[in-house]
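Here the structure is laid out as C-alpha cells; the discussion comes afterwards.
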Amino acid sequence: MKYSRWLVIIPYFFLATLPLCWLLLTSLKTQEAAISSTASLIPTTAENLAPGDLSFSVTLDAYRKLATPHTGKAHAFFHYLLNSVIIGLLSTLTSVVLGTGCAYGFSRFRIAGARDWLFFILSTRFLPPLAVVVPVLMMYRVFNLPNTHLGLILLYTAFNLSLAVWLMKGFIDEIPRAYEEAALVDGYSPLQAFYKIILPHSATGMAVTAVFCLISAWNEYGFALALNNAEAVTVPVYFAGLQGNIQGIPWPQIAAGVLIFVVPIAVFTVLVRNHLLRGVTFGTIKQ
Amino acid sequence: MNNPFLKIDNLSKNYGETQALSEISLSLYAEELLVILGPTGAGKTTLLRIIAGLEAADTGRITVNGTDITHQLPAERDVALVFQNFSLYPNKTVRQNLEFPLQAPGRNLSKTDIANRISHTADLLRITPLLHRPATHLSGGEMQRVAIGRAIVRQPQLFLLDEPLTNLDAKLREVLRVELIRLQRNLRTPMIYVTHDRVEALSMGDRIAVLSEGKILQIGSPEEIYQQPNSPTVARQLGYPPINTIDVQKRQNQWFTASNHAIMAADHNVPSNATLGIRGEDISPQGGEISATIEVIEDLGASTILLANWAGQPIQILTSGEQQWRVGDEIYPSIDPDRVLVWRTTDEQG
C-alpha cells in the first residue's frame, strides 16, 4: 500500500513533465538540430555529429539570443517578459486588494440586495471574454488605452475581480466574527480589527486568489493580441507573432523563452502551496 | 442604595419580527456580581452584546457612572467581554493574546507595564507555563482561563461574561466557578455574568436577574428569587428537582385540583383561581391523606427524587436517601403549608 501510490505518481510525473523536458531539450539545440526530421534526444558536448544521430551537441545560443531583438522585432524577449510581469503582477494585486475589500463588505455588512449584487458580479463571467473584444477595443480607443500597460491591467482586473470577490467571500465567511468582535471589545476600531484580524486570517484565501488571477492574466492571449501591436505586447503574443518570420520559426529560442516564462508561475505556485492546501478552520472557537 | 455604576433604561431590540429584548431596565452597583439567568433564547447574549457595544439597541439608554454610552463604540466603553466560545486569536500565542488588548491604540502602555501586567495576570490564573504556547494548542479549560486572562489583564471598569463555563466539563466548571468568584471579589470590578445554569446563578450572584423571552421577570438576591419567586416561570429557573406547579381552585377554603382532589387548606384572603408552587423538599412522602404511586426514582446519592402521580398531577418529591423506595410503592404525600407559594392565575401563565 505504501509503495503502490508511486505506481501512479511516477508514470504521471513523466507524462506531466514530458512537454517541459522536450522544451528543455529543444532550448539546448541549434536551429538545424531542432527542426531535423529525426529526433535527437541525448545532449552531448561532442561536435560534428553525423545526421540522424540520437545525440545532439548542447549550445546555449538560444538563451543568448533572447537578449537581443529577433529579426523583424523591435525588442528582445526580456522586454516582453517584463511587460508580462508588470501587467500580471499589477492586475493580480489590484484584483486581490479590491476583491478582498468587496468580499469583506458582502461578508460582514448588511447590504441591500446583496444576493442580487453577488449574482451580478458572477454573471460578468457568463459571457466568453472574446465576445466583447470589439466593444472593448472601441471603448479603449476613446480613452487611448490600446497599446498601454494600464489598458491590459484594467482589463484583466475587471475579468478577475468577479472570481476574486467570490473566492474571498468564501474565505472571509469562514473567519468567525467572534475574532473581530473580540478585537473591538479589546479596544480596536472596526478598521483596525479588519487589518489586524481579518487580513492575517485571509492570507490563505488571498494566496489562492492570487494564483488564479496571476495564471489567467499571465496566459491571456486574445485581448493582449487585439489591444496591442507594439508597446504592451506580452510574451504569449510575442511568441505567436514569430510565426511566419522571415528566418523561419526560431524553435530553440521559443523553447528557451517558454521555459523562462513558465518558471515564475511554477515557483509562485510552489511558494503558496502550503496555503493552497491548508484549511481555514483554526480551532480556537469551540462551537 | 448609592448611585448605580451601570444603568440600563427601557432597552428594546427587535430582529425583524422577533422581539429579542423588551423594555429591559436594570442597575449594576459598584463591586457587584449580577447574574442574568434565563433559558436559551431568552435574550441574555443579546443584552450583553448591547452593553459591550457589539450591537445597537432599537430604543433605550445605557449609562455608566452617569455618562451616556448608548452610542459609543465598543473600544470606547472600556468593558471586557468573555465569550462562550472563548474566541482566542488562533494565530497568536497565549502571551500575544494577552498583549493584544494592551497594545490597542490609545492605551499607551510601556513595554515594562505590559510585561508586568501579563505576568501578574498569568500568576493569578496559573497560566504562566502556557504563555509561549500557540492558542490552538490548549485544552478547553486552558482556553477559557486565557480568555478570562485577556479580559482581566486590561483592568476594565466592567466585566461581561457570556456563559463562560458552559463549554467545559462538569468538574472543570466547578473549579473555575470558585476561581471566578474569588477573582471578582479580589478585583472588586463589577461583573455581569450570563448563564442558564441555576447552580452558577445561586452560588455566584450577589443578585440575580431572571430573563425570559426578552423580559426581566424578577431581580433580587438569590434567596429572594428562590424563596419568593413572583411567577411560576421564575420559580422554575431555580431549584432541583424543578418546582411542582399545580393549578387549583378554591372551594370551601380548600384548594381543589383539576381532578377534584382537595389537597390542602386555603387562606381566606387569596384569589379563587391560583397556581401553587411547591418545591420538592417541602413535600414529605408520608403523612398525607391522598395516595400517590411512585413512577420513577432518581437516586442522587445523598438524596432521592421520587416522581409520583398524585391527585391527577405528576409531582417530584425530594427525600433523604435513607429510606428505600421502589417503583409502584404507594405513598401519602404531605405538603408543608407554610412553604407553599401561591400565584394568582392569569391568562398568561395558563
Side-chain angles (χ1 to χ4, degrees), chain A residues 100 104-105 107-115 168 170-209 271-287, chain B residues 48-49 51-55 73-92 94 96-109 133-144 146-147 150-151 153-154 156 158-160 162-164 166-168:
Chain A
T100 305
Y104 177 72
S107 176
R108 291 298 197 254
F109 298 102
R110 274 186 214 159
I111 297 169
R115 290 166 64 93
M168 287 311 299
F171 280 100
I172 294 177
D173 282 346
E174 291 288 311
I175 304 172
R177 265 167 195 265
Y179 295 148
E180 273 163 285
E181 291 177 343
L184 292 180
V185 176
D186 276 346
Y188 292 85
S189 72
L191 194 64
Q192 287 158 345
F194 172 72
Y195 67 71
K196 293 249 182 204
I197 301 295
I198 294 293
L199 279 192
H201 282 143
S202 312
T204 301
M206 291 165 87
V208 173
T209 309
L271 281 181
V272 301
R273 182 179 83 246
N274 288 338
H275 280 298
L276 292 174
L277 296 177
R278 208 188 81 192
V280 280
T281 358
F282 307 99
T284 45
I285 290 252
K286 195 158 178 176
Q287 300 292 353
Chain B
L48 267 204
R49 291 170 58 85
I51 298 172
L54 293 174
E55 266 173 74
L73 287 173
E76 298 168 310
R77 300 189 180 199
D78 195 23
V79 302
L81 175 58
V82 177
F83 295 80
Q84 180 179 352
N85 52 21
F86 317 150
S87 300
L88 299 182
Y89 305 113
N91 53 345
K92 298 183 191 299
V94 170
Q96 287 166 336
N97 262 283
L98 297 179
E99 277 170 352
F100 192 72
L102 298 179
Q103 290 162 338
R107 255 190 257 285
N108 297 324
L109 291 168
R133 278 222 228 148
T136 40
H137 289 53
L138 299 174
S139 69
E142 291 167 341
M143 276 191 201
Q144 195 55 294
V146 176
R150 193 175 63 185
V153 76
R154 278 173 46 192
L158 171 63
F159 283 118
L160 306 172
D162 185 6
E163 309 217 14
T166 302
N167 283 331
L168 305 175

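If you measure heavy-atom distances from B/F100 to chain A, the contacts under 4.5 Å come from both the backbone and the side chain. Proximity to chain A is limited to the side chain of B/R107, based on heavy atoms less than 4.5 angstrom apart. Within the 4.5 angstrom heavy-atom criterion, atoms from both the backbone and the side chain of B/L81 approach chain A. For chain B, no part of A/A193 is nearby; none of its heavy atoms comes within less than 4.5 Å.
Interface summary for chain A: among B/R49, B/K92, B/R77, the most heavy-atom pairs under 4.5 angstrom belong to B/R49. Comparing B/A104, B/A151, B/A80, B/A147 by how many heavy-atom pairs each has under 4.5 Å with chain A, the most go to B/A104.
Looking at residues two or more places apart in sequence or on another chain, you find a salt bridge (charged side-chain N to carboxylate O under 4.0 Å, His left out) between B/R150 and A/D186. When the ring pair (Phe, Tyr, Trp, His ring centres under 6.0 Å) test is applied to A/F109, the partners found at least two apart in sequence or on another chain are A/Y104.
A/Y179 approaches B/Y89 most closely through the heavy-atom pair O-CE2, 3.5 Å. Between B/P74 and A/L184, the closest heavy-atom pair is CB-O, 3.7 Å. What you find for A/Y188 and B/Q103 is that their closest heavy atoms are OH-C, 3.4 Å. Minimum interatomic distance between A/A182 and B/S87 (heavy atoms only, all atoms of both residues): CB-O, 4.1 Å. Closest approach of B/V79 and A/V185 over heavy atoms only: O-CG1, 3.3 Å.
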